[in-house]
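First listed ligand is number 1; within each ligand, the first listed atom is number 1.
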Amino acid sequence: MIERPRGTRDLLPEDMHTRNRFEETLRRTCTNFGYREILTPTFEHTKLFTEKSGPSIVEDLYAFKDKSGREIALRPEFTASVMRMYAQSLRERPKPLKLFYFGPNFRYERPQAGRYREFWQFGTELMGPDTPRADAENIALAYSCMRNSGLRDFQLKISHLGILETYLREKNVAGGDVRKIYHAIDRGNIEEIASGYGFMDELRMLLSADMEGMRDMVDDTRSMDHLQHVLNTLELYGINGECYTVDLSTVRGLDYYKGVVFEMEAESLGAEKQICGGGDYSLGDLFGVDISSKGFAIGFDRTLLALEKDSVSYHEWEPTCYLIPLGEGSMPFTYELLNTLRGKGIIADIELMERGVGKALAYADRMNFRYSVIIGEKEVEEGILTVKNMRSGEQMTMDKEELVAELEKHES
Ligand code: HAM
């Protein structure tokens, strides 16, 4: 038997039902904030990802040479592709430009619970405004996506990379080493770089400091004021200090971030608990454009796991009407009824396996249909249908128009 490749999943009809509901919620929330959907290719030139994403992405790329010898990679994320698309096709559009996307990404990581080699992201990018209010809009949208999904048990952490950078420069840390320190912090292991620096205990204190502590320890009024402005604006969205923590150890794993960054975590997920990450970044110079950009991506699969742990369930699939024709003579009438129902957007299906009434009804019940209609030649002649309410077991008789009207009530 040929197995699935490691780190991939088959998504069953039940999985897809839940995923589609969640996707609809995210899509609606983004649209509600004035964002519009885009999509970029599944594979790109490898260089797009190796230039600025940093080692955490580059080490995990699914990269190969195509038949013409081009270096190609499956996309590990969308942001670099969206910036390429912006530079090629969208730079003349009025600002702010608000974009969202949804699709699979590929990273050659060690698979474990919540970490896959093929996983989906739902993300956004906001191009144009370089203001604290734009950072707040970015965070508020991510927060609203999570709240609207029904998830309650998650933590939002907000930081400003400028503060940490100023601190490290004050300590005379060289440019390249600043990133190394970020990566170590991101991996939760600052000890691995501790030996070379004499300020590790102080850094540890800074990483757990509150706003006041940061102001005392770092001379960077500009970044501090910017961050404070973002927090004040979040308050206007109804997102107050109880909804987040300011946490300088939130540094992000990718190298293109600069100002305000944030992450969301669901503790219930254990090791792979990060369900969303994003912030202010700089990628325009890859394409010779100078544009402010802020965004985030929600780990779609992980958030679904968190929703499950939080006991949030979306409504089950409830198809509306199952038609059971008995004998060839009833086929034209039954198909006409089927076409009418489907034409009205009602979820209707027809028995295809030529089973007897008992077995066909048992199937309709297992598939969670609300109604079944048994259509014999007598029903066709008289134009009166026997309709079974599958929830109550009650049988009703009605003509075709009455049936359509009854079923339409459930679709709205
Ligand atoms: P990221 O933090 O690399 O950011 O990924 C975003 C989210 O994708 C993570 O928080 C996590 O939930 C999910 N994720 C990442 N890797 C995996 C995996 N192997 N299996 C399952 N889920 C995973 C970005 O990708 C940025 N492009 C976000 C962004 C958009 N920043 C600005 N705009």
Side-chain angles (χ1 to χ4, degrees), residues 6-9 19 22 26 30 35 38 40 44 48-49 52-62 74-86 97-127 134-135 137-139 141-142 145-146 149 151 154-157 161 182-183 186-187 250-266 268-284 291-307:
R6 236 164 94 71
T8 65
R9 286 153 302 148
R19 292 172 74 92
F22 181 35
L26 298 177
C30 288
Y35 283 66
I38 50 163
T40 59
E44 298 267 8
L48 180 68
F49 305 116
K52 293 203 75 176
S53 298
S56 68
I57 287 278
V58 173
E59 284 159 17
D60 295 335
L61 276 182
Y62 266 92
L74 300 183
R75 67 171 175 235
E77 56 130 9
F78 280 90
T79 305
S81 302
V82 176
M83 188 50 85
R84 179 191 49 64
M85 178 197 241
Y86 171 78
L97 190 58
K98 298 172 131 185
L99 308 168
F100 75 90
Y101 48 80
F102 175 59
N105 298 313
F106 306 86
R107 295 185 192 176
Y108 196 82
E109 298 194 90
R110 200 165 43 79
Q112 63 185 75
R115 195 205 284 167
Y116 312 102
R117 290 184 173 172
E118 182 189 32
F119 62 97
W120 272 254
Q121 277 187 348
F122 192 104
T124 73
E125 312 298 344
L126 169 57
M127 328 286 270
D135 284 310
E137 172 94 341
N138 189 31
I139 298 172
L141 175 54
C145 282
M146 283 304 171
S149 75
L151 193 67
F154 69 93
Q155 294 74 43
L156 166 61
K157 300 186 310 183
L161 288 178
Y182 286 3
H183 293 150
D186 187 52
R187 284 194 292 268
T250 302
V251 289
R252 308 288 298 127
L254 301 166
D255 278 355
Y256 48 60
Y257 291 102
K258 51 187 185 68
V260 171
V261 291
F262 68 99
E263 287 178 356
M264 290 183 196
E265 291 176 349
S268 62
L269 293 182
E272 299 301 318
K273 62 184 175 181
Q274 198 198 112
I275 50 174
C276 175
D280 184 35
Y281 61 89
S282 162
L283 268 177
I291 181 85
S292 164
S293 39
K294 302 163 197 294
F296 65 83
I298 289 173
F300 191 81
D301 315 85
R302 271 188 208 171
T303 309
L304 279 166
L305 291 177
L307 283 164

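Close contacts between ligand 1 and Cys276 involve ligand atoms 10 (O) [criterion: under 4.0 Å to a heavy atom]. Within ligand 1, counting atoms from 1 as listed, the ones closer than 4.0 Å to a heavy atom of Leu254 are 3 (O), 4 (O), 24 (C), 26 (C). Ligand 1 places these atoms under 4.0 Å from at least one heavy atom of Ala297: 6 (C), 7 (C), 28 (C), 29 (C), 30 (C).
Looking at every heavy atom in both residues, Cys145 comes nearest to Phe296 through SG-CZ, 4.5 Å.
Looking at atom 8 (O) of ligand 1, its nearest protein heavy atom turns out to be Gln121 NE2, 3.3 Å. Looking at atom 21 (C) of ligand 1, its nearest protein heavy atom turns out to be Gly114 O, 3.3 Å. Considering only non-hydrogen protein atoms, atom 13 (C) of ligand 1 sits nearest to Gly299 CA, 3.6 Å. Remark: minimum distance from atom 28 (C) of ligand 1 to any protein heavy atom is reached at Tyr257 OH, 3.4 Å. Among protein heavy atoms, the minimum distance from atom 19 (N) of ligand 1 is reached at Glu109 OE2, 2.5 Å. Among all non-hydrogen protein atoms, the one lying nearest atom 27 (N) of ligand 1 is Glu77 OE1, 2.4 Å. Scanning all protein heavy atoms for the shortest distance to atom 30 (C) of ligand 1 gives Thr79 OG1, 3.0 Å. The protein atom (non-hydrogen) at minimum distance from atom 9 (C) of ligand 1 is Gln274 OE1, 3.6 Å.
Residue Gly123 places no heavy atom under 4.0 Å from ligand 1. Using a non-hydrogen distance threshold of 4.0 Å, Tyr256 registers as a contact of ligand 1. Remark: distances from the non-hydrogen atoms of Asp301 to ligand 1 are all 4.0 Å or more. Taking 4.0 Å as the cut-off, Tyr101 counts as a neighbour of ligand 1 on heavy-atom distance.
Between Arg19 and Asp301 there is a salt bridge, since a side-chain N of the basic residue sits under 4.0 Å from a carboxylate O of the acidic one. A salt bridge is defined here as a Lys NZ or Arg NE, NH1 or NH2 lying under 4.0 Å from an Asp or Glu carboxylate O, and Arg107 with Glu118 fails to meet this definition.
Side-chain contact check for Thr250 and Glu263: no donor-acceptor pair (N or O, by modelled atom type) lies under 3.5 Å. Donor-acceptor pairing under 3.5 Å is lacking for the side chains of Glu77 and Asn105.
Taking OG1 of Thr124 as the start and OH of Tyr35 as the end, the distance is 4.5 Å to the nearest 0.5 Å. For the atom pair CZ (Phe300) and CZ (Phe102), the distance works out to 4.0 Å, reported to the nearest 0.5 Å. The CZ atom of Phe100 sits 11.5 Å away from the CD1 atom of Ile298 when rounded to the nearest 0.5 Å. Summarising the geometry, atom CG belonging to Leu99 is positioned 4.5 Å from atom CD1 belonging to Ile38; distances are rounded to the nearest 0.5 Å. Note that CG of Leu254 and OG1 of Thr79 are 7.5 Å apart. Values are rounded to the nearest 0.5 Å. The CZ atom of Arg252 lies 13.5 Å from the OH atom of Tyr182; values are rounded to the nearest 0.5 Å.
At a 3.5 angstrom cut-off on N or O pairs, Arg115 does not count as close to ligand 1. The shortest N/O to N/O separation between Phe78 and ligand 1 does not fall below 3.5 Å. Below 3.5 Å of separation, one finds no N or O of Tyr281 facing any N or O of ligand 1. Between Arg252 and ligand 1, at least one N/O pair is under 3.5 Å apart.
Which of Tyr116, Tyr108, Phe296, Phe119 comes nearest to atom 14 (N) of ligand 1 through a heavy atom is settled by distance: it is Phe119.
Taking a 6.0 Å sphere around OH of Tyr108, one finds it holds 12 or fewer heavy atoms contributed by other residues, nucleotides or ligands.
The salt bridge (Lys or Arg N to Asp or Glu O under 4.0 Å) pairs that include a residue from residues 268-283 are Arg115-Glu272, Lys258-Asp280, Glu265-Lys273, Glu267-Lys273, Glu272-Arg302, Asp280-Lys294, where partners are two or more places apart or lie in different chains.
Heavy atoms of Lys294 found under 4.0 angstrom from ligand 1: none, in either backbone or side chain.
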